[in-house]
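Only one structure is covered here, and it is reproduced in the block below.
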Protein chains: 4
Amino acid sequence: MTKGSRAAAKQARPREILEAAFEEFSLRGYAATRLDDIAARVGVTKGTIYVYFENKETLFETMVIELSQPKLDTQPSLSVLQGQSATAALVQLLSGAYDEILEDPYSREILRLLIAEKNTFQSLSRRFRDNFAGPIFAALREILQKGTATGEFGAHAAAIDPFLILSPILGYIVLDMVLPGESPAGAAFLAGHIDMVKRLVAATTVP
Amino acid sequence: MTKGSRAAAKQARPREILEAAFEEFSLRGYAATRLDDIAARVGVTKGTIYVYFENKETLFETMVIELSQPKLDTQPSLSVLQGQSATAALVQLLSGAYDEILEDPYSREILRLLIAEKNTFQSLSRRFRDNFAGPIFAALREILQKGTATGEFGAHAAAIDPFLILSPILGYIVLDMVLPGESPAGAAFLAGHIDMVKRLVAATTVP
Amino acid sequence: MTKGSRAAAKQARPREILEAAFEEFSLRGYAATRLDDIAARVGVTKGTIYVYFENKETLFETMVIELSQPKLDTQPSLSVLQGQSATAALVQLLSGAYDEILEDPYSREILRLLIAEKNTFQSLSRRFRDNFAGPIFAALREILQKGTATGEFGAHAAAIDPFLILSPILGYIVLDMVLPGESPAGAAFLAGHIDMVKRLVAATTVP
Amino acid sequence: MTKGSRAAAKQARPREILEAAFEEFSLRGYAATRLDDIAARVGVTKGTIYVYFENKETLFETMVIELSQPKLDTQPSLSVLQGQSATAALVQLLSGAYDEILEDPYSREILRLLIAEKNTFQSLSRRFRDNFAGPIFAALREILQKGTATGEFGAHAAAIDPFLILSPILGYIVLDMVLPGESPAGAAFLAGHIDMVKRLVAATTVP
DNA sequence: CATGAATGAGATTTCATTCAT
DNA sequence: AATGAATGAAATCTCATTCAT
């Protein structure tokens with residue numbers, strides 16, 4: 001089985017490198033990270049990285065794409081949201097988003113890297129929009145329309161910008177990025193967020 | 001007038017450098033920015049930068065501190081909020097925050113740099129918290145308590161985390177950072193944000 | 001043989017660099033020597049030096065230590081001096097010292113560098129004292145005492161400062177340093193030196 | 001008298017700079033010394049140095065020449081040595097040399113600088129030979145011949161290399177340079193030196 | 001005479017990338 | 001596949017020198 005396990009080790013090598021790259025890049029940023037550090041973290045030498053990746057830029061891009069892949073697979077599909085009330089769907093969508101952010105070790109840091117490198121890696125931002133932000137916005141728009149149509153939400157709900165509803169999540173992430181340890185607990189914030197959104201869409205009026 | 005102009009040039013030099021530094025740092029990030037580029041932007045040589053700043057690190061830190069100074073001067077003071085309803089104060093605080101973000105050429109980018117460099121320039125993050133975020137949170141907390149006490153807000157309002165109320169602003173900034181040009185217009189978003197907050201604090205109940 | 005030659009080249013590289021460093025440092029002094037020059041002398045590029053040495057300072061220190069090592073190995077040991085007359089031992093010690101100075105290509109120049117950099121590389125001076133000067137002084141002291149005890153030397157000999165006996169050697173080196181080509185021939189000077197020392201320790205009195 | 005004192009200050013300026021230059025150059029060596037440091041020591045700015053000296057090189061050379069001038073003035077002239085015994089002249093010459101070395105604050109350090117910069121400032125070494133070492137050697141040669149002629153010294157004395165007689169002084173300086181604080185007291189060493197030289201020239205024979 | 005801002009050449013050091021083994 | 005020695009381009013920083021005031 002040595003042959004098999006050796007093959008397995010080789011198979012795992014690129015992933016190991018990507019994970020080490022993630023750690024180093026998120027610690028120091030793209031430019032300040034040295035390939036030496038990444039290699040050392042994996043326990044190989046610099047040259048080995050070039051066996052698997054064309055160059056530093058490719059390594060970075062691949063890392064972002066590869067490590068944010070799982071999230072894309074668990075994206076809310078519109079179909080999943082059917083068969084329940086719009087409110088329930090809303091709650092599920094937000095809860096799912098927080099789950100991912102709080103539990104996935106990569107999402108926050110990758111978002112941070114995208115923010116940091118927005119001018120240098122614009123294609124990654126576009127990817128983020130197309131594969132990640134876009135579908136969520138679409139799902140949210142669908143829910144708002146459905147809720148309004150069924151009278152579950154107030155008449156104004158259909159006109160709400162989906163981004164307004166999602167923005168607290170991003171705000172939460174940012175606070176946690178800039179001032180780690182000073183943001184409110186994730187679960188508490190989620191509860192507040194859901195409560196706020198419920199009030200927002202509810203069929204009540206304000207002065 | 002030659003004498004005056006030389007003295008004036010000398011007086012203005014540090015500020016010129018800081019502004020050029022801002023442009024370059026926010027374009028490429030701290031590590032990838034070359035002092036050569038900053039110097040070229042000012043129209044001087046590398047050496048001149050070292051006449052005014054000890055090194056690259058100091059230049060960066062000074063730039064962040066200096067260019068975010070105006071904002072600190074326009075911070076909402078608690079006293080200003082007195083003499084008006086809690087709702088009006090809330091609206092004023094949020095409007096003020098948006099004004100600043102939409103009009104100040106620096107704030108968004110500096111926040112982005114803080115996010116990007118959170119591991120490398122932690123002291124700047126602390127500064128941001130103490131001088132910027134802290135006071136706003138305190139003012140907001142005050143407003144919530146006052147509004148609840150006077151019955152203007154619902155009983156639940158006092159317990160709302162101020163950060164929940166502010167988070168959409170940060171979310172807005174982030175979206176604009178990662179996907180420039182895709183965020184909703186600032187004024188429209190502000191209106192939506194204010195409406196949402198009004199509904200949040202209003203004395204109504206939701207299922 | 002290719003494998004062998006590459007390994008050999010690698011093995012020899014540090015020593016090559018140290019020798020080139022010696023040439024350049026002794027030509028221009030520590031501060032005025034450029035790593036470029038050292039690299040060019042070896043036939044590699046600047047970067048290669050950093051593969052083997054941490055920085056310029058380390059290179060200098062290592063060079064001094066490494067190239068003065070052979071001398072330490074040929075130091076007079078006290079045991080060698082036994083089994084012969086004190087006078088013979090004295091002559092042997094002095095002759096050995098001249099041999100080394102006249103034949104070793106490094107000693108004079110390294111001493112010169114130590115003199116030049118005494119404020120910048122004090123630890124090297126201490127090394128020189130402990131490993132080099134100290135043992136010779138000790139051996140000389142031993143000889144003086146033995147010669148006095150056996151009556152071979154005059155009674156005053158035991159009180160002679162060993163440094164007085166050795167100082168002409170240092171003086172010779174210095175003259176040769178400052179005015180190369182103007183110092184007397186080494187062999188002639190050694191003969192004169194030995195003669196002077198013999199007269200110094202002899203059991204005669206002077207007015 | 002303000003005018004006069006101001007003029008005096010101006011007159012003194014070059015000398016002040018030379019002395020500051022001496023301090024800094026002997027602390028760090030030629031290449032590592034910054035004109036800024038010298039200027040700061042005088043209490044002026046870098047530019048002022050250029051008012052009085054053409055460049056760094058000239059400043060260094062002028063400093064060495066100027067600060068070793070007093071010594072040249074007190075050089076032993078052959079005439080002074082006449083009218084006393086050869087032995088007395090010998091003692092006077094050596095004592096004078098030690099006096100100068102022990103008391104003059106510059107001589108040792110300047111010699112050190114000459115040693116350090118022998119390849120870069122060869123003209124200074126030549127100056128040293130012509131103005132300083134040369135005359136002393138000549139005087140010494142004269143004394144040896146005279147002492148031999150009068151029978152005061154042994155017959156072998158005329159053939160002694162003057163440098164052998166002087167070398168302990170240089171050796172003493174070197175030891176004090178490399179290992180400051182470890183050399184014997186100057187007065188004791190002088191006494192030993194004189195005693196050794198007396199024995200050397202005395203009309204005795206050794207086995 | 002004195003200043004000190006500005007220069008620009010050059011020095012050390014770093015590091016992504018290559019390639020022979 | 002993996003290594004690691006070597007490269008060379010580039011980045012930060014220094015400092016002697018100039019010159020307008």
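Keep in mind it's a predicted model, so treat the numbers as computed, not measured. Throughout, protein chains are lettered first and strands after them, A, B, ... in sequence-line order, and every chain is numbered starting at 1. All heavy atoms count here, side chains included; hydrogens, waters and symmetry mates do not.
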With rounding to the nearest 0.5 Å, note down the distance linking NZ in C/Lys118 to CG in C/Leu113. 15.5 Å

Whole angstroms only, please: what is the CD-C1' distance between A/Glu16 and F/dA1? 14 Å

Watson-Crick/G-U partner (both atom distances under 3.5 Å) of F/dA20: E/dT3

Return no unless some side-chain N or O of C/Tyr50 is found under 4.0 Å from OP1 or OP2 of F/dT7. no

Identify, residue by residue, the members of residues 21-40 of chain B with a heavy atom below 4.0 Å from DNA chain F, and return them in order of residue number, or none. B/Thr33, B/Arg34, B/Leu35

Of the nucleotides E/dT12, F/dT7, F/dA6, which has the atom closest to the C/Arg13 side chain? F/dA6

So if I take residues 53-61 of chain B and measure heavy-atom distances to DNA chain F, which residues fall below 4.0 Å? B/Asn55, B/Lys56

Polar side-chain contact A/Lys46-E/dT17 base: donor and acceptor under 3.5 Å: yes

Compute both the distance and the angle, then confirm whether A/Lys56 meets the cation-pi test with A/Tyr30: under 6.0 Å from the six-membered ring centre, within 45 degrees of the axis. yes

To the nearest 0.5 Å, what is the distance between CD1 on C/Ile38 and CZ on C/Phe53? 9.5 Å

A/Asn119 side-chain N/O to B/Leu27 backbone N/O, donor-acceptor pair under 3.5 Å: yes

Could you please name the option among E/dT7, F/dA6, F/dA2 that lies closest to any side-chain atom of B/Val51? E/dT7

For residues A/Gln122 and A/Ser125, is any side-chain donor paired with an opposing acceptor at under 3.5 Å? no

If only atom types and distance count, is the side chain of D/Thr62 paired as donor or acceptor with the main-chain N or O of D/Thr58 below 3.5 Å? yes

Using whole Å, report how far CD1 of C/Ile49 lies from C1' of F/dG8. 14 Å

Side chain of A/Tyr52 only, please: which of F/dA1, E/dT3, E/dA6 is the nearest? F/dA1

Can you measure from CZ (D/Arg13) to CD1 (D/Ile49) and round to the nearest 0.5 angstrom? 10.5 Å

Quiz question: by atom type and distance under 3.5 Å, do the side chains of B/Glu19 and B/Tyr106 form a donor-acceptor pair? yes

Of the non-hydrogen atoms in D/Met177 and D/Arg108, which two are nearest, and what is the gap between them? CE-O, 3.3 Å

May I ask you to evaluate whether D/Thr48 reaches the phosphate of E/dT3, defined as a side-chain N or O under 4.0 Å from OP1 or OP2? yes

